[in-house]
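Predicted model, so just to flag it, every value in this text is computed and none were measured. Just so it is clear, the values below take in all heavy atoms, side chains as well, and ignore hydrogens, waters and symmetry mates.
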Amino acid sequence: MTAIDLPEETILSDAPQGDDAQRSAVNWWQELKSIVLLILAVLAFHSFVAKPFYIPSESMMPVLLTGDRLVVSKFPYGWSYVSPSFHPLPFLKGRVLGRLPDRGDIVIVSPQNRREDYIKRVIGLPGDIIEVRGGQVILNGVAVKQKMLKPMRLAVDGNAPCPPLQFPGALVTGKDGRDYCELPVRQEILPNGKTYVTIDMGPSALDWYGPVRVPADHVFLMGDNRDNSADSRAPLEENGLGGPVPWEAIGGRAEFITFSLDGDATWNPLSWVHALRSGRAGNSLRPQSVAPPQ
């Protein structure tokens, strides 16, 4: 018996029939809703829980290098108008479940005249009187304790080229034949015992500031690379923070480095592995604690 001999209802067909045809059709509206919900979930996580952050400059050397990728938690200080991703909101006073940062915390901050994030360290809190004299931070009339350390050598790479305008005379060649940036560093100890390392290349315009009193609900921020940081010491016209910043401008706290790239990667995926800086992934960005200075 041939196909033409079969009854009409028994002839086989690959085309879906009835309910099968409905099930096989793509529900584009449902797919679009799923994509939108996924995007909203990612934005909500970035806005209220944590987000990745890329270090684009040398202002927080030596703890952070250009090319570092890190995680910023959004909830430690509560939420404000800068919490949403891309900063779509105008300035709004107050924070939800807000609390002030601790001295020594590394935070991201949105300048008053820009919709972008800087990353700096908290030095002064509301009511503090801040001065800088010859590079020495003076907090409430008392010089912040400093200790000179052995010069630090950082390997030169595409993201850390040791530019002579920023680090004059710092480029040296090691015994291994590699180039290094040899930097003068100091350990700084805040009154609460939080400690970290700063770079001070010598006299600069940023070595002199104040005195100023930090207003209520404001914080005073500085970069660890003291001569090359557009922070609270620098005016807005020079891309600085223009003095103490309102706590609403704080977007979150830097927690740890996820990975770091040396800037030498190309479009070849094989180069991406070699571009990873060793020994930086997982480094905590919370300051160490020592006994508070007497």
**Asked** Okay, side chain of Arg186, backbone of Leu149: is any donor-acceptor separation there less than 3.5 Å?
**Response** no

**Message:** Checking Ser47 against Ser83: is there a side-chain donor and acceptor pair closer than 3.5 Å?
**Reply:** no

**Message:** To the closest 0.5 Å, what do you measure between CG (Leu183) and CG (Asn225)?
**Reply:** 8.0 Å

**Request:** Starting from the C-alpha separation in whole Å, work towards a yes-or-no answer on side-chain contact (heavy atoms from CB on, under 4.5 Å) for Ile106 and Arg253.
**Result:** CA-CA 6 Å; Ile106 298 176; Arg253 182 177 67 197; over 6 Å; no

**Item:** Leu97 side, atom CG; Ser80 side, atom OG - distance, nearest 0.5 Å
**Value:** 12.0 Å

Please tabulate, for side-chain N and O atoms in residues 240-248, each donor-acceptor pair with protein atoms closer than 3.5 Å (sequence neighbours left out).
{"unit_1": "Glu248", "atom_1": "OE2", "unit_2": "Gly94", "atom_2": "N", "d": "2.7"}

**Request:** Could you tell me which non-hydrogen atom of Pro84 sits nearest to which non-hydrogen atom of Pro88, and how far apart they are?
**Result:** CB-CD, 3.9 Å

**Evaluation steps, side-chain contact (heavy atoms from CB on, under 4.5 Å), between Arg103 and Asp128** = CA-CA 11 Å; Arg103 284 196 186 94; Asp128 286 342; 2.5 Å; yes

**Prompt:** How close do Pro126 and Asp217 get, heavy atom to heavy atom, and via which atoms?
**Reply:** CG-N, 3.7 Å

**Prompt:** How far apart are the closest heavy atoms of Val82 and Gly251, and which atoms are they?
**Reply:** CG2-CA, 3.8 Å

**Prompt:** Given the rule in the salt bridge (Lys or Arg N to Asp or Glu O under 4.0 Å) test, do Asp157 and Arg277 qualify, once you have shown the distances and angles that lead to the verdict?
**Reply:** CA-CA 10 Å; Asp157 57 37; Arg277 290 182 175 126; 3.0 Å; yes

**Request:** Evaluate the side-chain proximity of Tyr54 to Asp68: yes if any heavy-atom separation is below 4.5 Å, no if none is.
**Result:** no

**Request:** Please tell me if the side chains of Lys194 and Val290 come closer than 4.5 Å, counting only heavy atoms from C-beta onward.
**Result:** no

**Message:** Ignoring hydrogens and geometry beyond distance, is a side-chain donor-acceptor pair present between Thr195 and Gln187 at under 3.5 Å?
**Reply:** yes

**Request:** Look at the side-chain heavy atoms of Ile, Leu, Val, Met, Phe, Trp and Tyr, link any pair under 4.5 Å apart, and say whether Leu100 and Leu221 land in one connected group.
**Result:** yes

**Item:** Expected output: side-chain Ser271 to main-chain Ala265 donor-acceptor under 3.5 Å
**Value:** no

**Message:** I'd like to check Glu255 versus Arg286 (side-chain heavy atoms, cut-off strictly below 4.5 Å). Are they in contact?
**Reply:** yes

**Request:** Evaluate the side-chain proximity of Arg69 to Ser260: yes if any heavy-atom separation is below 4.5 Å, no if none is.
**Result:** no

**Request:** Considering non-hydrogen atoms only, spot the tightest contact between Pro211 and Arg133 and give its length.
**Result:** CD-NH2, 3.6 Å

**Asked** Can you check salt bridge (Lys or Arg N to Asp or Glu O under 4.0 Å) on Glu182 and Lys150, steps first, answer last?
**Response** CA-CA 10 Å; Glu182 187 170 271; Lys150 181 181 177 181; over 6 Å; no

**Complete:** On a heavy-atom basis, the closest approach of Arg95 and Gly78 is NH2-O, 3.1 Å

**Any side-chain heavy-atom pair of Lys51 and Lys74 under 4.5 Å** = yes

**Message:** Please check this pair: side chain of Asp227 against backbone of Gln166, looking for a donor-acceptor N/O pair closer than 3.5 Å.
**Reply:** no

**Request:** Kindly compute the distance separating CZ (Phe259) from OG (Ser278), expressed to the nearest 0.5 Å.
**Result:** 15.0 Å

**Prompt:** Side chain of Thr266, backbone of Asn268: donor and acceptor closer than 3.5 Å?
**Reply:** yes

**Request:** For Gln288, look at atom CD and say whether over 12 heavy atoms of other residues, nucleotides or ligands are found less than 6.0 Å away.
**Result:** no

**Sub-4.5 Å side-chain heavy-atom contact between Arg280 and Ile257** = yes

**Message:** Testing Val109, Asp105, Leu125 one by one against Val219 for a side chain to side chain contact (heavy atoms under 4.5 Å, CB included), which residue passes?
**Reply:** Leu125

**Prompt:** Taking a hydrophobic cluster as the set of Ile, Leu, Val, Met, Phe, Trp and Tyr residues connected by side-chain heavy atoms closer than 4.5 Å, whether directly or through intermediates, do Met61 and Met201 fall within one such cluster?
**Reply:** yes

**Item:** Ile35 with Val42, same ILVMFWY side-chain cluster at under 4.5 Å
**Value:** no

**Asp262/His274 under side chain to side chain donor-acceptor pair (under 3.5 Å): CA gap, chis, key distance, verdict** = CA-CA 9 Å; Asp262 63 13; His274 296 290; over 6 Å; no

**Request:** Would you check, one step at a time, whether the test side-chain contact (heavy atoms from CB on, under 4.5 Å) holds for Asp117 with Phe53?
**Result:** CA-CA 9 Å; Asp117 290 322; Phe53 191 83; 3.6 Å; yes

**Message:** Please tell me whether Ile108 and Met60 are part of a single hydrophobic cluster in this structure, the criterion being side-chain heavy atoms less than 4.5 Å apart.
**Reply:** yes

**Message:** With a 6.0 Å cut-off (strictly less than), is the heavy-atom count around CD of Gln136, excluding the residue itself, greater than 12?
**Reply:** yes

**Message:** Whether the side chain of Arg233 engages the backbone of Ala230 through a donor-acceptor N/O pair (distance < 3.5 Å, no angle test) should be reported.
**Reply:** no

**Asked** Do Phe48 and Trp79 come close enough that some side-chain heavy atom pair is under 4.5 Å?
**Response** yes

**Prompt:** At what distance, to the nearest 0.5 angstrom, does OG of Ser204 lie from CG of Asn228?
**Reply:** 7.5 Å

**Request:** Indicate the atoms forming the closest heavy-atom contact of Met152 with Pro62, along with that distance.
**Result:** SD-CB, 3.5 Å

**Asked** Judged by atom type as modelled, is there a donor-acceptor pair below 3.5 Å linking the side chain of Asp179 to the main-chain atoms of Thr173?
**Response** no

**Fill in**
Rounded to the nearest 0.5 Å, the NE2 atom of His218 sits from the OG atom of Ser232 at a distance of 10.0 Å

**Request:** In sequence, state the C-alpha distance, the side-chain angles, and the governing distance for Asp224 and Thr198, and then conclude on side chain to side chain donor-acceptor pair (under 3.5 Å).
**Result:** CA-CA 5 Å; Asp224 291 348; Thr198 67; over 6 Å; no

**Request:** For residues 27-46, pull every pair meeting side chain to side chain donor-acceptor pair (under 3.5 Å), keeping only residues two or more places apart or in separate chains.
**Result:** none

**Asked** Side chains of Asn159 and Thr66: donor-acceptor distance under 3.5 Å anywhere?
**Response** no

**Arg213 side chain to Gly127 backbone, donor-acceptor under 3.5 Å** = yes

**Message:** Hydrophobic clustering (ILVMFWY, side-chain heavy atoms < 4.5 Å, transitive) - are Val72 and Tyr77 grouped together?
**Reply:** no

**Fill in**
Residues joined to Val144 in its hydrophobic cluster, side chain to side chain under 4.5 Å directly or through other members, sorted by chain and number, are Ile123, Ile130, Val132, Val137, Leu139, Leu190, Tyr196, Tyr209, Val212, Val214, Phe220, Met222

**Prompt:** Are Tyr81 and Phe91 close enough that their ring centres sit under 6.0 Å apart?
**Reply:** yes

**Worked check of side-chain contact (heavy atoms from CB on, under 4.5 Å) between Val63 and Val197** = CA-CA 7 Å; Val63 66; Val197 174; over 6 Å; no

**Request:** Report the distance from atom OG of Ser59 to atom CD1 of Ile119, rounding to the nearest 0.5 Å.
**Result:** 8.0 Å

**Request:** Check whether any side-chain heavy atom of Phe256 lies under 4.5 Å from a side-chain heavy atom of Thr258, and answer yes or no.
**Result:** yes

